[in-house]
Number of protein chains: 2
Amino acid sequence: MESQPLRIGALAKVAKVGVETIRYYQRRGLLAEPGKPLGGQRSYPPEAAERLRFIKRAQRLGLTLEDIAVLLKLNDGTGHVKARQLATHRLEEIEAKLADLTAMRDVLKKLVSQCEHSAGRVPCPIIQAVAGTKA
Amino acid sequence: MESQPLRIGALAKVAKVGVETIRYYQRRGLLAEPGKPLGGQRSYPPEAAERLRFIKRAQRLGLTLEDIAVLLKLNDGTGHVKARQLATHRLEEIEAKLADLTAMRDVLKKLVSQCEHSAGRVPCPIIQAVAGTKA
DNA sequence: CTTGACTCCGTACTGGAGTACGGATTCTAG
DNA sequence: CTAGAATCCGTACTCCAGTACGGAGTCAAG
């Protein structure tokens, strides 16, 4: 399938990322930067696309680029503990954020609902809540 | 209670924000900047603390500073519709983010659990998921 | 060959909400 | 009065993950 060397634009297209994103990942050390022919253009191995997909799959799990850099350095089979630490840490953060957002959602939902049912007969519940003049 | 004019550090302390935060809100137009005696220091009215509290309460509901700037401009009682729009919009965003994070949480939780129960006998499920070699 | 698309490179910018800094000045407790 | 804390001001920086830009050079289709 992906057996030809690619230039950066083609790699970006195949991996569904931006060219600038690839350059950024190279600067971050997440992706190797092939040598450049003198005054020429770089040629990327087909495997680079798979590496980009790895990065994006990990991001979709909530891992940061720093986490992903660590994961990419693990030797397959020898990094259970580290991978689990990363995942666990990120899981904790996600759960904390979920709790925050859930609380916000609940309050907002209630205030919006009250607003909708008040039809202008009482002071705005949203503003009152923010103004601190409402329980 | 808060009847004395305050200097910025005292205001920050009373409102539980940073001095730099106050300056930032002033630059953003969220808080008025009192006139300054020539070569002297500004004196804030006690009401400034309440305004800062308003801002922070709104932030805790998930509103952005831009949202809050709008809210602060509404005349009490005349801004139902706008306040509700802001709240509704933010509610939608929070709900979308909740959905994302929930999905992430669920996958991560499963992978971490699998990792814990595999005791090194299978390839790392976390790495495999990210590598795309696992359902 | 020509021209337009693409690549390169280094720097700057974006989003949003702060936070820090350096140097000068003011304020106040001791 | 002195010295240290606080204030001022304008600019830069942080967090994180990109994204954009300008100018120069390369590539490839027509």
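The structure displayed is predicted, hence computed values, not measured ones. Every chain is numbered from 1, with letters handed out A, B, ... down the list of sequences.
Summarising the geometry, the separation between CD1 on A:I68 and C1' on D:dA17 is reported as 11 Å, rounded to the nearest angstrom. We find that CD of A:E20 is positioned 15 Å from P of C:dT14, with the value rounded to whole Å. In this entry the distance linking CD of B:E93 with P of C:dG16 reads 9 Å, nearest Å. Regarding B:K36, its NZ atom lies at a distance of 19 Å from the P atom of D:dA6, rounded to whole Å. To the nearest angstrom, C1' of D:dA20 lies 11 Å from CZ of A:R27. To the nearest angstrom, C1' of D:dC8 lies 8 Å from CD of B:Q41. Rounded to an integer number of Å, the gap from A:L6 CG to C:dT7 P is 10 Å. Per the geometry, OH belonging to B:Y24 stands 14 Å off C1' belonging to D:dA12, to the nearest Å.
Just one of A:R90, A:Q59, A:Q85, A:H89 meets the side-chain contact (heavy atoms from CB on, under 4.5 Å) condition when paired with A:D67; it is A:R90.
Residue-to-nucleotide proximity on DNA chain C shows that, of B:G40 and B:I55, the 5′-proximal contact is made by B:I55. Comparing A:T64 and B:Y44, the nucleotide of DNA chain D nearest to each residue sits closer to the 5' end for B:Y44.
Formation of a donor-acceptor pair under 3.5 Å by the A:R42 side chain with backbone atoms of A:G35 is not found in this model.
Side-chain N/O atoms of B:Y25 include none lying less than 4.0 angstrom from OP1 or OP2 on C:dA17. Of the side-chain N and O atoms in A:T21, none sit less than 4.0 angstrom from OP1 or OP2 of D:dA17. Using a 4.0 Å cut-off, no side-chain N or O of B:Q59 falls inside it from OP1 or OP2 of C:dG16. Contact between the side-chain N/O atoms of A:K56 and the OP1/OP2 oxygens of D:dG18 is found at a separation under 4.0 Å.
A:K36 places none of its side-chain heavy atoms less than 4.5 Å from the side chain of A:Q41.
In terms of polar N and O atoms assigned as donor or acceptor, the side chain of B:R23 never comes within less than 3.5 Å of the base of D:dT11 in a complementary pairing. Between the side chain of B:R42 and the base of C:dT25, no donor-acceptor pair of N or O atoms lies under 3.5 Å.
The environment of B:E66 atom CD is sparse: at most 12 non-hydrogen atoms of other residues, nucleotides or ligands sit within 6.0 angstrom.
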request  = Show your reasoning for whether side chain to side chain contact (heavy atoms under 4.5 Å, CB included) applies to A:L61 and B:R105.
outcome  = CA-CA 8 Å; A:L61 289 189; B:R105 195 262 323 269; over 6 Å; no
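When distances run from any side-chain atom of A:R7 to the nucleotides C:dT19, D:dG18, D:dC27, the shortest one goes to D:dC27.
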